[in-house]
Enquirer: 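Pasting a structure here, questions to come.
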Amino acid sequence: MVVWYTREVTCPMCGSRLCGREVGGGFAVGQDSDLLVRMKSKHVIQADVHTCQGCRFSGYLRDFAINSTPELGRRFRQEVTPQLAGGPRGALSTTPLPDVQYYWSYLAASFLGRPPLKLGMRLLRAYWCLRLAPSNRLPAREVDRRKKRYLSGCIAHLRQSLRGNRNPHLYYLLGELNRRFGDFDRSVFYFDKFLAKSGTAKYLRQAAHKLRMVAKEKDSSDRTMEELLYDHKTESS
């Protein structure tokens, strides 16, 4: 369950009006090993992304409040809108799937010159959405294709964001995302980096130890925190 209220906003790229959702919170029921918090029914991240029905500018509600100019809007419609599904002509007839909206928000944020960490996190949310309805109902081959696109881009941007960033959780996240992507040597490298850091959460350190073992076994399967922390099969020998 997700709690939100709505308010009308204006697209900064084309001036279209749309109804935005201001998310208030939700109820967690668990967590996956790549830090996706699981929720019942609609997930908070799916309510958090918006798409303009005119030019397809996408992002969080705060992205629609940016300072823009007619020239910036013209450039967006010429350079970015044609890259988005359906092309530049006409309004969208339906709202895109949430993973697509996050990918579009990534393209919009790239156009606006947002830093690597923010770009990587948008692609991470696109990847997370593939585990949630309705995106998880896509054909398996299409889900796999989108996973590779989102994961590869996310990993690249998160690696760039490490320069000058002292947040150890990025090393954990890079370890797990590389494991899921199938780059096991790099996964072990980042888990080692994370485990060498002090002041990290105990449950994440325990998860990292076990995920490092899984990566050494060249296993890229999805895992949950519950499985890692309580399943004897992932205990160290």
Enquirer: Using modelled atom types only, decide if a donor and an acceptor are shared between the side chain of R38 and the backbone of Q31 within a distance under 3.5 Å.
Expert: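 The answer is yes, because a donor-acceptor pair under 3.5 Å joins these two groups.
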
Enquirer: Can you confirm whether F57 sits close enough to L112 that some side-chain heavy atom of one is under 4.5 Å from a side-chain heavy atom of the other?
Expert: yes

Enquirer: Nearest 0.5 Å, please: how far is OG in S152 from NE2 in H157?
Expert: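 Output value for this atom pair is 9.0 Å.
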
Enquirer: Using atom types as modelled and distance alone, determine if a side-chain donor or acceptor of R77 lies under 3.5 Å from a backbone N or O of M13.
Expert: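 Here the side-chain-to-backbone pair exists.
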
Enquirer: Short question: side chain of D63, backbone of Y60 - any donor-acceptor pair under 3.5 Å?
Expert: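 Yes, because the side chain of D63 sits within donor-acceptor range (under 3.5 Å) of the backbone of Y60.
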
Enquirer: Does H169 use its side chain to pair, donor to acceptor, with the backbone of L204 at less than 3.5 Å?
Expert: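 Not at all, since once roles are kept as given, no pair shorter than 3.5 Å links the two residues.
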
Enquirer: Show, in sequence, the C-alpha distance, side-chain angles and deciding distance for L138 and R146, and conclude whether the side-chain contact (heavy atoms from CB on, under 4.5 Å) test is met.
Expert: CA-CA 10 Å; L138 291 165; R146 296 188 188 191; 3.4 Å; yes

Enquirer: Is a side-chain N or O of S68 found less than 3.5 angstrom from the main chain of P12, in a donor-acceptor match?
Expert: yes

Enquirer: Which heavy atom in Y106 sits nearest to a heavy atom in L119, and how many Å separate them?
Expert: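 Here Y106 and L119 meet closest at CD1-O, 3.7 Å.
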
Enquirer: Taking all non-hydrogen atoms of both residues, which atom of C11 and which atom of L18 are closest, and how far apart?
Expert: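 Result for this residue pair: N-CD2, 4.1 Å.
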
Enquirer: Please name the pair of heavy atoms, one in F191 and one in L211, separated by the smallest distance, quoted to 0.1 Å.
Expert: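 Closest approach of F191 to L211, heavy atoms only: CZ-CB, 3.5 Å.
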
Enquirer: Does one hydrophobic cluster hold both F184 and L177, with members joined at side-chain heavy-atom distances below 4.5 Å?
Expert: no

Enquirer: Assess, by modelled atom type and distance only, whether the side chains of D99 and S135 contain a donor and an acceptor separated by less than 3.5 Å.
Expert: yes

Enquirer: So does A133 get a backbone contact from the side chain of Q46, meaning a donor-acceptor N/O pair under 3.5 Å?
Expert: yes

Enquirer: Give a yes or no answer on whether the side chain of K193 reaches the backbone of Y171 with a donor-acceptor pair at less than 3.5 Å.
Expert: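 Between the backbone of Y171 and the side chain of K193 there is no qualifying donor-acceptor contact (under 3.5 Å).
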
Enquirer: May I ask you to decide if E79's main-chain N or O and Q83's side chain share a donor-acceptor pair within less than 3.5 Å?
Expert: yes

Enquirer: Looking at E226 and G30, what are the two nearest heavy atoms and their distance?
Expert: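 Where E226 meets G30 most closely, the heavy atoms are OE2-CA, 3.2 Å.
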
Enquirer: Taking the side chain as everything from C-beta on, heavy atoms only, tell me whether R74 gets closer than 4.5 Å to T69.
Expert: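 In short, these two side chains do not touch, never coming nearer than 4.5 Å.
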
Enquirer: Are L174 and R186 close enough, and set up right, to give a side-chain contact (heavy atoms from CB on, under 4.5 Å), and what steps lead you there?
Expert: CA-CA 9 Å; L174 277 165; R186 190 165 285 172; over 6 Å; no

Enquirer: Should V188 and Y190 be counted in the same cluster of Ile, Leu, Val, Met, Phe, Trp and Tyr side chains packed under 4.5 Å apart?
Expert: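 No; tracing contacts between hydrophobic side chains, which count when under 4.5 Å, never links both residues.
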
Enquirer: Are V49 and R125 close enough that some pair of their side-chain heavy atoms sits under 4.5 Å apart?
Expert: no

Enquirer: So S105 and S58, side chain to side chain donor-acceptor pair (under 3.5 Å) or not? Walk me through it.
Expert: CA-CA 4 Å; S105 81; S58 302; over 6 Å; no

Enquirer: What's the shortest heavy-atom distance between C52 and C55, and which atoms?
Expert: SG-N, 3.5 Å

Enquirer: Could you tell me whether the side chains of D32 and W128 share a donor-acceptor contact shorter than 3.5 Å?
Expert: no

Enquirer: Mind checking the OH-NZ spacing from Y127 to K147? Nearest 0.5 Å is all I need.
Expert: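 The distance works out to 5.5 Å.
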
Enquirer: If you group Ile, Leu, Val, Met, Phe, Trp and Tyr by side-chain heavy-atom gaps below 4.5 Å, do L117 and L35 land in one group?
Expert: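 Per the 4.5 Å side-chain linkage, L117 and L35 are co-clustered.
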
Enquirer: Measure from the side-chain N and O atoms of R205 to the backbone N and O of L195, and report whether any donor-acceptor pair falls under 3.5 Å.
Expert: yes

Enquirer: Would you check if L170 and S161 make a side-chain contact, meaning some heavy-atom pair closer than 4.5 Å?
Expert: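 Side chain of L170 against side chain of S161, heavy atoms only: contact under 4.5 Å found.
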
Enquirer: Out of curiosity, F194 CZ to H209 NE2, how far, rounded to the nearest 0.5 Å?
Expert: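 F194 CZ to H209 NE2: 9.0 Å, rounded to 0.5 Å.
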
Enquirer: Show your working on side-chain contact (heavy atoms from CB on, under 4.5 Å) between T95 and Q53 and close with a plain yes or no.
Expert: CA-CA 8 Å; T95 300; Q53 297 294 298; 4.0 Å; yes

Enquirer: Hey, any chance F111 and W104 share a hydrophobic cluster, counting ILVMFWY side chains that come within less than 4.5 Å of each other, even indirectly?
Expert: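 Yes, one cluster joins them.
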
Enquirer: Honestly curious: do L72 and F76 fall in one hydrophobic cluster under the side-chain, below-4.5 Å linking rule?
Expert: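 Hydrophobic grouping puts L72 with F76.
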
Enquirer: With side-chain contact (heavy atoms from CB on, under 4.5 Å) as the test, pick out the partner of L158 among L173, L123, N178.
Expert: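 Testing each of L173, L123, N178 against L158, the sole residue satisfying side-chain contact (heavy atoms from CB on, under 4.5 Å) is L173.
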
Enquirer: Cut-off 3.5 Å, side chains only: do R122 and Y102 have a donor facing an acceptor?
Expert: no

Enquirer: Could you walk me through whether D144 and R141 pass side-chain contact (heavy atoms from CB on, under 4.5 Å), step by step?
Expert: CA-CA 5 Å; D144 288 341; R141 182 175 296 181; 5.7 Å; no

Enquirer: To the nearest 0.5 Å, what is the distance between CZ on R179 and CG on D219?
Expert: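 Here the interatomic distance stands at 6.0 Å.
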
Enquirer: Measuring from Y230:OH to Q206:CD, what's the distance to the nearest 0.5 Å?
Expert: 8.0 Å

Enquirer: For side chain to side chain donor-acceptor pair (under 3.5 Å), just list the numbers for R180 and S220, CA-CA rounded to whole Å, side-chain angles, deciding distance to a tenth of an Å, and then say yes or no.
Expert: CA-CA 4 Å; R180 288 173 177 243; S220 62; over 6 Å; no

Enquirer: Looking at P134 and L97, what are the two nearest heavy atoms and their distance?
Expert: CG-CD2, 3.4 Å

Enquirer: So, the side chain of S33 versus the backbone of R223: is there a donor-acceptor pair under 3.5 Å, distance only?
Expert: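 Indeed, once roles are kept as given, a pair shorter than 3.5 Å links the two residues.
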
Enquirer: Any ion pair linking R75 and E71 (charged N to carboxylate O, less than 4.0 Å)?
Expert: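 No, E71 and R75 are not salt-bridged.
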
Enquirer: Could you measure the distance from the OH atom of Y103 to the SG atom of C129? Nearest 0.5 Å is fine.
Expert: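 It comes to 15.0 Å.
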
